Every structure is written in structure tokens, then in C-alpha cells.
> 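My questions will all concern the structure given below.
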Amino acid sequence: AIYLGVGSDYFPLKTFTTCAWANSSELGSGMTHSGIFSMTFGLSIFMDASGNFGSYLDDNGVNPFSVYSSSYIRDGKYHFICLNFDLLKRNMYVDGTLKNSSSSAWLGVSRWPTYPTVIGTEINNSTISMFKGLIDDVRVYSSVLTASEIQRLYAEESTQRKLAEA
């Protein structure tokens with residue numbers, strides 16, 4: 001895991017987009033899910049045990065819950081995953097395509113603002129959520145990227161990745 005400072009470096013964060021390229025073909029031994037990116041104990045994106053992209057929001061203990069896409073990403077290929085939030089809705093994108101949108105309450109704060117921000121695990125479950133695979137180009141935007149902006153990022157970078165993998 002890579003540590004990137006503490007939650008108070010990012011919060012309050014009321015609207016945001018976070019994106020990353022992730023490549024995995026399996027969960028680590030004994031893992032229940034694989035954390036891709038986690039900002040304190042309140043916001044994370046991960047791959048669940050079924051290989052689907054998931055997101056978790058815990059807004060200071062108010063209505064914490066996870067939302068999952070139906071997109072299988074544990075296939076040994078790079079996938080561009082993005083989560084954005086606009087104060088009312090959580091949108092999950094895989095490879096430039098919206099896969100799930102759900103209403104979510106978020107006050108933009110965290111219960112534990114001094115917990116670290118990490119890549120490669122979930123800080124609240126680091127012993128059972130280490131990511132087994134590759135993570136690249138993690139980004140956090142303090143605004144909500146539009147669907148066309150996410151599609152453009154995916155199109156630009158997927159072409160480069162395909163050339164590099166050839």
C-alpha cells in the first residue's frame with residue numbers, strides 16, 4: 001500500500017471524482033475484497049469478492065453504505081474505474097461507461113480525519129483488503145467530472161495502454 005497523507009488534507013470534500021486504472025485477476029489469499037483507493041475510513045473504491053467494482057461512503061457515521069456496479073473487473077486486464085459524487089448522487093463508471101448511479105447522502109466530512117489516504121488497500125480493513133494486482137494513475141478531482149470528460153480520459157489513455165501492452 002502507498003500512503004498519501006491524512007484525510008484532513010482532503011476533507012471537507014463535498015463534490016469529487018476519483019479515478020484509477022486497476023488490473024487484477026484474483027483476490028489475495030484470505031481477502032474478502034481488494035481496496036483500490038481509500039481516503040480515511042470514510043470513502044473507498046474497491047473490487048468485491050465477485051470481482052465487481054464497489055464504492056463505500058461513511059459520512060461521519062450517517063447512513064454508511066456500499067454500492068456496487070455489475071461490471072466484472074477481475075479479469076487480468078486494465079480497467080479505468082471512476083466514482084463521482086455531486087452531493088446527491090454517486091456515479092460509478094467502468095471503462096468510460098456509467099455502470100451504476102444511486103442516491104447517496106454525503107456531508108463531505110469523515111469520522112476519522114486523521115486516518116491516512118492509501119492506494120492498494122482499504123484503511124478500515126487493511127488486513128483483509130490488500131489489492132493483488134496493478135493500480136496506476138490514481139486521480140482525485142475536487143469537482144464532478146461529466147460523463148463526456150470521463151469518456152475522453154478513458155479513450156485517450158486506453159489507446160496508450162493498448163499500445164504499451166502490444
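Quick caveat, the model's predicted, so the values are computed rather than measured. Excluded from the calculations below are hydrogen atoms, water molecules and symmetry mates; all remaining heavy atoms, backbone and side chain alike, are included.
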> Please report the interatomic distance OH(Y154) to OG1(T159), rounded to the nearest 0.5 Å.
8.5 Å
> Roughly how far, to the nearest 0.5 Å, is CG of N100 from CG of N52?
10.5 Å
> Please enumerate all residues that pass side-chain hydrogen bond (donor to acceptor under 3.5 Å, both in side chains) together with S101, with sequence neighbours excluded.
N91
> Which one of D86, L83, L145, V144 satisfies the side chain to side chain contact (heavy atoms under 4.5 Å, CB included) criterion with F16?
L83
> The criterion is side-chain contact (heavy atoms from CB on, under 4.5 Å); which residues satisfy it with D137, sequence neighbours excluded?
W21, R139, E157, R161
> Backbone N or O of S143 within a donor-acceptor pair of the T17 side chain at under 3.5 Å?
yes
> Roughly how far, to the nearest 0.5 Å, is the CZ atom of F53 from the NE2 atom of H79?
12.0 Å
> Identify the heavy atoms of I150 and G96 that sit nearest to each other, and give their distance.
CG2-CA, 4.2 Å
> At what distance, to the nearest 0.5 angstrom, does CE of M92 lie from OG1 of T97?
13.5 Å
> To the nearest 0.5 Å, what is the distance between CG on D48 and OH on Y72?
10.0 Å
> Can you list everything that forms a side-chain contact (heavy atoms from CB on, under 4.5 Å) with S71? Sequence neighbours excluded, please.
S69, V94, K99
> Decide yes or no for F80 and C19: does some side-chain heavy atom of the first lie under 4.5 Å from some side-chain heavy atom of the second?
yes
> Which value, rounded to the nearest 0.5 Å, describes the distance between E156 atom CD and Q151 atom CD?
12.0 Å
> Would you say the side chain of N23 lies within less than 4.5 Å of the side chain of D136, judging by non-hydrogen atoms?
no
> Tell me, please, which residues at least two apart from S25 pass side-chain contact (heavy atoms from CB on, under 4.5 Å).
none
